[in-house]
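Worksheet: the structure to be examined is printed underneath.
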Amino acid sequence: MGDEDWEAEIIKPHMSSYVPVFEKDRYSSGANGDTFNRTPASSSEMDDGPSRRNHFMRSGFASGRSMGNRDAGESNKRENTSTMGGFGVGKSFGNRGFSNNKFEEGDSSGFWRESNNDCEDNQTRNRGFSKRGGYQDGNDSEASGSSRRGGRGSFRGCRGGFGLGSPNSEYEQDEGTQRTGGLFGSRRPALSGAGNGDTYQSRSGSGSGRGGYKGLNEEVVTGSGKNYWKSEAEGGESGDTQGPKVTYIPPPPPEDEDSIFAHYQTGINFDKYDTILVEVSGHDAPPAILTFEEANLCQTLNNNIAKAGYTKLTPVQKYSIPIILAGRDLMACAQTGSGKTAAFLLPILAHMMRDGITASRFKELQEPECIIVAPTRELINQIYLEARKFSFGTCVRAVVIYGGTQLGHSIRQIVQGCNILCATPGRLMDIIGKEKIGLRQVKYLVLDEADRMLDMGFGPEMKKLISCPGMPSKEQRQTLMFSATFPEEIQRLAGEFLKSNYLFVAVGQVGGACRDVQQTILQVGQYSKREKLVEILRNIGDERTMVFVETKKKADFIATFLCQEKISTTSIHGDREQREREQALGDFRCGKCPVLVATSVAARGLDIENVQHVINFDLPSTIDEYVHRIGRTGRCGNTGRAISFFDPESDNHLAQPLVKVLSDAQQDVPAWLEEIAFSTYVPGFSGSARGNVFASVDTRKGKSTLNTAGFSSSQAPNPVDDESWD
Ligand SMILES: Nc1ncnc2c1ncn2[C@@H]1O[C@H](COP(=O)(O)OP(=O)(O)OP(=O)(O)O)[C@@H](O)[C@H]1O
């Protein structure tokens with residue numbers, strides 16, 4: 001998994017020969033061509049559950065691939081990036097001047113040079129700035145203009161420092177000596193040829209301390225044109241001990257009950273969930289439950305469910321809860337915002353309450369019963385808050401650890417007691433390496449956003465996790481995987497993690513977009529995007545809007561631009577320090593900054609109340625990512641809108657899957673998009689639009705060679721290569 005290189009625009013795959021066959025007649029139906037055991041989630045159909053059967057085949061875990069794609073010249077770009085002031089955290093960008101950053105230098109600025117570098121570095125990419133014209137001309141003057149806007153906004157982020165810990169504690173020592181290695185030398189596997197290339201010290205080159213988005217003190221090592229992440233432990237072994245110490249300590253979450261149980265209302269379409277088709281495959285699936293009462297949870301859990309405002313199960317909960325309660329492994333795929341988190345947390349907690357757990361107490365080595373892993377820091381934090389909510393009043397202690405925060409802080413949280421460990425992959429492996437976490441007691445392993453956790457970026461790390469000393473074998477633990485998208489190939493990889501008799505639950509179209517999101521695709525050329533964006537945002541007014549762009553740099557640029565346009569905006573991406581990321585999210589959540597410009601780091605899982613709009617300023621590389629992005633709105637029965645700028649210069653490869661997604665979600669499909677989709681039809685391609693755009697079925701039912709984007713695995717773009725989030 002490489003560090004983000006979204007300073008360069010994301011690599012577009014060579015789609016031409018991998019676009020799924022376009023079958024227009026399938027689009028309008030919206031029905032699933034595969035009717036295997038698909039039943040509405042409504043109560044009348046529930047009894048079918050146990051009778052569902054499927055024979056299946058499994059295949060092994062494919063080997064990991066290159067972890068990154070860092071281009072030459074990265075180091076320079078980094079330095080330039082790091083000299084850019086971060087945005088005034090939570091402030092209108094317009095309040096910031098750029099006297100200390102490259103923007104003020106106009107056309108000779110680092111920003112523009114970097115853009116050029118991007119072009120040079122990425123000449124083989126079909127989305128380099130040079131081909132698309134970039135922003136230079138139009139923006140230089142604006143950049144200069146911005147520098148006139150006066151003073152740099154003051155930094156409002158609360159620096160954690162070391163205040164919460166004893167500076168002389170062992171954990172501070174750990175913090176200080178973490179380069180000395182641990183049980184597992186590398187958080188990410190070294191690729192062959194590693195060490196032959198230059199060493200690039202992430203974030204530290206300029207000494208700016210900017211970044212903070214990777215696990216603690218990691219660095220990118222470039223070798224043979226490939227890159228991978230290196231833990232500090234490894235760095236220490238190689239004698240390279242450079243790197244800024246991460247000192248950020250996130251503020252503790254509120255302790256009062258009202259805050260713990262704060263929630264937003266389900267929307268008008270919540271009841272429509274009952275009509276969604278649900279498919280369960282695998283042997284001897286337990287029947288779905290219809291009510292929380294049927295789950296037979298303990299009183300404390302029921303109280304917490306009530307306090308959380310849950311009165312009715314969502315479909316994924318109806319099916320998943322009894323499956324998990326029955327001790328079965330599960331792969332569950334349900335639309336964004338439909339309650340997957342509670343679907344795994346509640347039965348796990350119920351088990352823990354029933355079986356009894358080791359009461360939380362201070363111990364140097366904690367042995368959690370449950371480990372939950374998610375790909376981004378913000379998401380894992382959110383899951384932790386949910387775990388804390390549902391375990392309120394019980395003796396179960398949940399702990400969260402993630403990169404970009406002080407390692408000593410993570411350790412201090414853990415040693416106080418840990419039954420449920422919520423972690424991003426990198427930090428998890430660091431902590432295991434430090435022997436603060438023992439795995440012998442793990443009974444539940446949850447991979448949220450499982451397709452992401454098993455793809456080429458995190459897959460090797462997850463493999464390492466399950467083969468860690470002490471980790472119970474898959475036969476001895478319960479493994480649960482959840483996501484809104486599940487490419488077929490990733491489903492097959494999952495076999496290594498799951499018992500062979502795992503159950504597969506698909507709620508609605510696997511990989512399909514939430515129907516509560518009204519999707520609009522506009523054809524907007526590169527040069528017109530900003531103007532269009534401003535026009536839309538002015539119409540939207542103060543309604544909360546997430547704007548997705550392709551690169552970190554563009555996120556900064558667009559956020560700055562919007563602030564200049566007097567639209568209060570903040571941004572989140574992998575180059576921002578963790579405290580800035582959290583501040584930005586906080587300001588967006590509370591409505592202080594109603595516009596959040598984000599890279600795909602914010603595409604998955606984030607559950608923010610009242611996000612009414614998602615704008616894809618740049619479309620993502622894959623249709624899966626599109627589905628996740630637009631799923632930040634229209635959650636839990638609420639409605640939302642997604643507007644996407646389709647640039648025919650660069651987005652044609654998405655035309656077919658987009659048409660499919662729109663049709664399946666019963667959205668209008670623009671004629672021009674259909675035309676492009678037809679024109680990008682590739683004769684001789686063996687797939688069908690239905691079968692390849694979405695892995696609509698449990699892959700054990702049949703063989704397929706494509707993932708959801710319609711690319712072969714070897715060419716599927718891997719966003720983790722471009723931006724690393726844990
Ligand atoms: N049964 C329920 N009743 C009311 N609200 C619910 C219920 N289940 C979940 N929610 C709420 O719905 C929202 C979305 O849930 P959650 O974040 O778990 O969705 P998700 O399926 O994991 O989405 P994503 O695919 O984007 O990660 C949360 O605010 C959650 O508290």
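Throughout, numbering of the chain's residues begins at 1 and tracks the sequence. First listed ligand is number 1; within each ligand, the first listed atom is number 1.
- Ligand-side atoms of ligand 1 in range of T341: 16 (P), 17 (O), 18 (O), 22 (O), range being under 4.0 angstrom from any heavy atom.
- Considering only heavy atoms from C-beta on, T376 stays 4.5 Å or farther from Y402 through its side chain.
- Remark: ligand 1 and S338 share an N or O pair separated by less than 3.5 Å (distance only, no angle test).
- The shortest side-chain heavy-atom distance between E378 and Q578 falls under the 4.5 Å cut-off.
- Only the side chain of Q317 comes within 4.0 Å of ligand 1, counting heavy atoms alone; its backbone N, CA, C and O stay farther away.
- Using a cut-off of 4.0 Å between Lys/Arg side-chain N and Asp/Glu carboxylate O, R452 and D624 are scored as not salt-bridged.
- Every atom of ligand 1 with a heavy atom of R635 under 4.0 Å away is listed here by number and element: 14 (C), 16 (P), 17 (O), 19 (O), 20 (P), 23 (O), 24 (P), 26 (O).
- Proximity of Q335 to ligand 1 is established by a heavy-atom distance of less than 4.0 Å.
- Salt bridge R635/D607: present, at least one basic N to carboxylate O contact under 4.0 Å.
- Residue contact annotation: R604 has no non-hydrogen atom under 4.0 Å from ligand 1.
- For ligand 1, the atoms sitting less than 4.0 Å from at least one non-hydrogen atom of R632 are 26 (O), numbered in the order shown with element in parentheses.
- A heavy-atom distance below 4.5 Å is not found between the side chains of D455 and D451.
- Proximity of T266 to ligand 1, defined as any heavy-atom pair under 4.0 Å, is confined to the side chain (atoms from C-beta onward).
- Relative to atom 29 (O) of ligand 1, the option among I383, D607, L385 with the closest non-hydrogen atom is D607.
- Interface of Y264 with ligand 1, defined as ligand atoms under 4.0 Å from a residue heavy atom, comprises 13 (C), 29 (O).
- Contact annotation: K312 has at least one heavy atom less than 4.0 Å from an atom of ligand 1.
- Using a 30° and 60° split on the angle between ring planes, F261 and F392 fall in the perpendicular class, above 60°.
- Ligand 1 has an N or O atom lying under 3.5 Å from an N or O atom of G337, backbone or side chain.
- At a heavy-atom distance under 4.0 Å, only side-chain atoms of E449, from C-beta outward, approach ligand 1.
- Counting heavy atoms from C-beta outward, Q382 and L606 have side chains that approach closer than 4.5 Å.
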